[in-house]
Amino acid sequence: MKKSIASFLLGTALAVTTAGVAFAQDKTVKIGALSDQSGLYADLGGPGSTLAAQMAVEDSGLAAKGWKIDIISGDHQNKPDIGTAIARQWFDVDKVDIIVDVPNSGVALAVNNVIKEKNGVYINSGAATSDLTNAQCSPNTVHWTYDTYMLAHTTGQALVKAGGDSWFFLTADYAFGAALERDTTAVVTANGGKVVGGVKHPLNTPDFSSFLLQAQASKAKIIGLANAGGDTTNSIKQAAEFGIVKGGQKLAALLLFLTDVKAIGLETAQGLNFTETFYWDMNDQTRAFSKRFSEKMKNNAPPTMVQAGVYAGVRHYLKTLEALGGNPHDGVKVVEKMKSLPTEDDLFGKGEIQPNGRTIHSAYLFEVKKPSESKGPWDFYKLVGTVPGDQAFTPLSESKCALLKK
């Protein structure tokens, strides 16, 4: 009997040891870059986000250490049902470990639930909704780059304090637009301003004339554009045609990307104020990375902040796996370890991941240059001010994330 017990204990010990060795030797990783590959957000994410993930893998140096890391990409077409179907296929069939990017807040929130269910890892850099680290936070999710709280408390607050105390919102009619209008309204009213009206428009709207006429008729000092990508560029271009800015009202581009300014042109975009957390021409490190990136892009474009966020997020994820000694294929365990390690890279500098999954790093207030100030094809921004990360993002004391209550 004693011999049987001893044999059992020895067998158990060997099994545990073998499992530990297997984990330590498991150096396989599969990354899924899920984005809008062909629609209104393709330029700010899309193929460029996949490239950013590939560069992060190359720069990690893990291949030379025996790791096997694969990347696949998918097009969610800005539809939550398509996004969730791809995510399920990736986890169930393709054995993906992590999904990155996912611009479009409606898709992002839906995919967030799938990844929690499948216990994968989710690093979102494309979607803006602050709900990802508040009401709908998950132990599997890290939100990199930016969010609606940050946009409202930087661009929105700066405009109100500069005298823009009456607002009319032009809002994309889905989760992102609703979250951005909600967060900016809170900032406007908290600083003594008022919202005099608003109108919602469908995603990917070609004609903004009726919406802009309502905004013009409101007499609001600020027309807040709670939209992104192609919707932002179309609304700004058409506002110029209506002479809205010349008439005395100011456009608030609450979310503006480098590719948007390129599409609008400096003649029309000059003077716009907005916030980003990355710009290719900030310092020697961002310029060096952006040069390598643009040489690989078909249109030679430098990275947007979304694409930069994909790179930084994947780098931190891979550093975490290396610190763990292997891939446990356990999303909650990996994200917990990610949160315990400080973030640091050439694109966003030093930062941290809060318990609710929010990555903290500096944000920058920019103004679009005049055509005469630009020295090159992508020289668009001048820095107005820097907002430290602990002031730019939702304070933990205000977060509605259930993870903070444990």
Side-chain angles (χ1 to χ4, degrees), residues 27-38 41-65 67-76 83 86-87 89-91 94-104 107-108 111-112 115 120-127 140-146 257-259 277-278 280 286 288-299 301-322 327 329 331 334-335 338 343-348 353 359 361:
K27 295 182 177 180
T28 60
V29 185
K30 200 160 193 177
I31 301 169
L34 183 57
S35 192
D36 173 1
Q37 301 284 353
S38 55
Y41 300 148
D43 288 342
L44 61 91
S49 288
T50 306
L51 170 60
Q54 291 168 341
M55 291 179 67
V57 171
E58 292 167 5
D59 292 350
S60 73
L62 291 185
K65 299 177 181 178
W67 289 72
K68 184 180 184 298
I69 305 172
D70 295 319
I71 299 174
I72 59 176
S73 63
D75 186 354
H76 61 50
I86 292 173
Q89 162 81 16
W90 281 357
F91 284 112
D94 299 312
K95 305 306 177 186
V96 160
D97 294 288
I98 174 175
I99 291 179
V100 299
D101 195 15
V102 200
N104 186 306
V107 179
V111 169
N112 188 52
I115 294 173
V121 176
Y122 186 21
I123 301 180
N124 190 297
S125 64
N140 302 75
T141 297
V142 174
H143 197 177
W144 219 280
T145 314
Y146 75 111
F257 293 95
L258 188 71
T259 46
T277 54
F278 169 85
W280 71 269
T286 58
F289 172 80
S290 299
K291 184 176 185 295
R292 289 195 294 127
F293 181 94
S294 63
E295 287 171 350
K296 297 174 185 288
M297 285 289 285
K298 289 182 179 180
N299 61 353
T304 65
M305 71 168 170
V306 167
Q307 293 156 349
V310 171
Y311 175 86
V314 173
R315 282 300 306 273
H316 188 69
Y317 168 73
L318 294 176
K319 287 177 186 176
T320 301
L321 292 186
E322 187 171 20
N327 186 0
H329 304 287
V334 172
V335 170
M338 289 176 68
T343 62
E344 184 174 4
D345 58 78
D346 288 342
L347 308 189
F348 293 86
I353 301 173
T359 303
H361 40 64

- Item | Non-neighbouring partners of Lys298 that pass salt bridge (Lys or Arg N to Asp or Glu O under 4.0 Å), sequence neighbours left out | none
- Item | Considering all heavy atoms, the nearest Ile353-Trp144 contact | CD1-CZ3, 4.2 Å
Could you go through residues 309-316 and list every donor-acceptor pair under 3.5 Å that involves a side-chain atom there, pairing it with any protein atom two or more places apart or in another chain?
from: Tyr311; atom 1: OH; to: Asp59; atom 2: OD2; distance (Å): 2.7
from: Tyr311; atom 1: OH; to: Arg315; atom 2: NH1; distance (Å): 3.0
from: His316; atom 1: NE2; to: Met338; atom 2: O; distance (Å): 3.0

- Item | Partner residues of Lys95 under the salt bridge (Lys or Arg N to Asp or Glu O under 4.0 Å) criterion, sequence neighbours left out | none
- From CG (Leu321) to CD1 (Ile69), nearest 0.5 Å: 8.0 Å
- Query: Which pair of non-hydrogen atoms, one from Ala52 and one from Gln307, has the smallest distance, and what is that distance?
  - Reply: CB-O, 3.2 Å
- Closest approach of Ser60 to Val57 (non-hydrogen atoms, all atoms of both residues): OG-O, 2.6 Å
- Query: Sequence neighbours excluded, which residues qualify as salt bridge (Lys or Arg N to Asp or Glu O under 4.0 Å) partners of Glu322?
  - Reply: Lys65
- Query: Would a 4.5 Å heavy-atom cut-off, applied to side chains only, mark Lys30 and Thr28 as touching?
  - Reply: no
- Item | Residue among Ile71, Ile72, Ile115, Ile31 satisfying side-chain contact (heavy atoms from CB on, under 4.5 Å) with Val96 | Ile72
- Query: Are side-chain heavy atoms of Tyr41 and Val306 found at a separation under 4.5 Å?
  - Reply: no
- Message: Side chains of Val335 and Tyr122, heavy atoms from C-beta outward: is any pair under 4.5 Å?
- Response: no
- Query: Do His143 and Thr359 have side chains that get closer than 4.5 Å, going by heavy atoms?
  - Reply: no
- Query: With a 4.5 Å limit on heavy-atom distance, are the side chains of Met55 and Lys296 in contact?
  - Reply: yes
- Residues that Lys291 engages under salt bridge (Lys or Arg N to Asp or Glu O under 4.0 Å), provided they are two or more places apart: Glu295
- Message: Tell me whether Thr286 contacts the main-chain N or O of Leu347 through its side chain, where contact means a donor paired with an acceptor under 3.5 Å.
- Response: no
- Message: If you define the side chain from C-beta out and look only at heavy atoms, does anything of Trp90 sit under 4.5 Å from Leu34?
- Response: yes
- Query: How many angstroms lie between atom CD1 of Ile123 and atom CD1 of Ile99, to the nearest 0.5 angstrom?
  - Reply: 11.5 Å
- Any donor and acceptor pair, going by atom type alone, linking the side chain of Lys27 with main-chain N or O of Leu62 inside 3.5 Å? no
- Item | Closest approach of Tyr146 to Ala127 (non-hydrogen atoms, all atoms of both residues) | OH-C, 3.9 Å
- Message: When you compare the side chain of Leu258 with that of Pro302, does any pair of heavy atoms fall below 4.5 Å?
- Response: yes
- Flag, side chain of Asp97 to backbone of His329, donor-acceptor distance under 3.5 Å: no
Which atom pairs, one a donor and one an acceptor, fall under 3.5 Å between side chains of residues 42-51 and the rest of the protein, sequence neighbours left out?
from: Ser49; atom 1: OG; to: Asp101; atom 2: OD2; distance (Å): 2.9

- 4.5 Å side-chain heavy-atom contact, Ser125 and Met305: no
- If only atom types and distance count, is the side chain of Asp346 paired as donor or acceptor with the main-chain N or O of Phe348 below 3.5 Å? no
- Message: Any side-chain to backbone donor/acceptor pair from Asn140 onto Gly331? Under 3.5 Å, distance only.
- Response: no
- Compare every heavy atom of Ser38 with every heavy atom of Asp75, then report the nearest pair and how far apart it is. OD2-OG, 2.9 Å
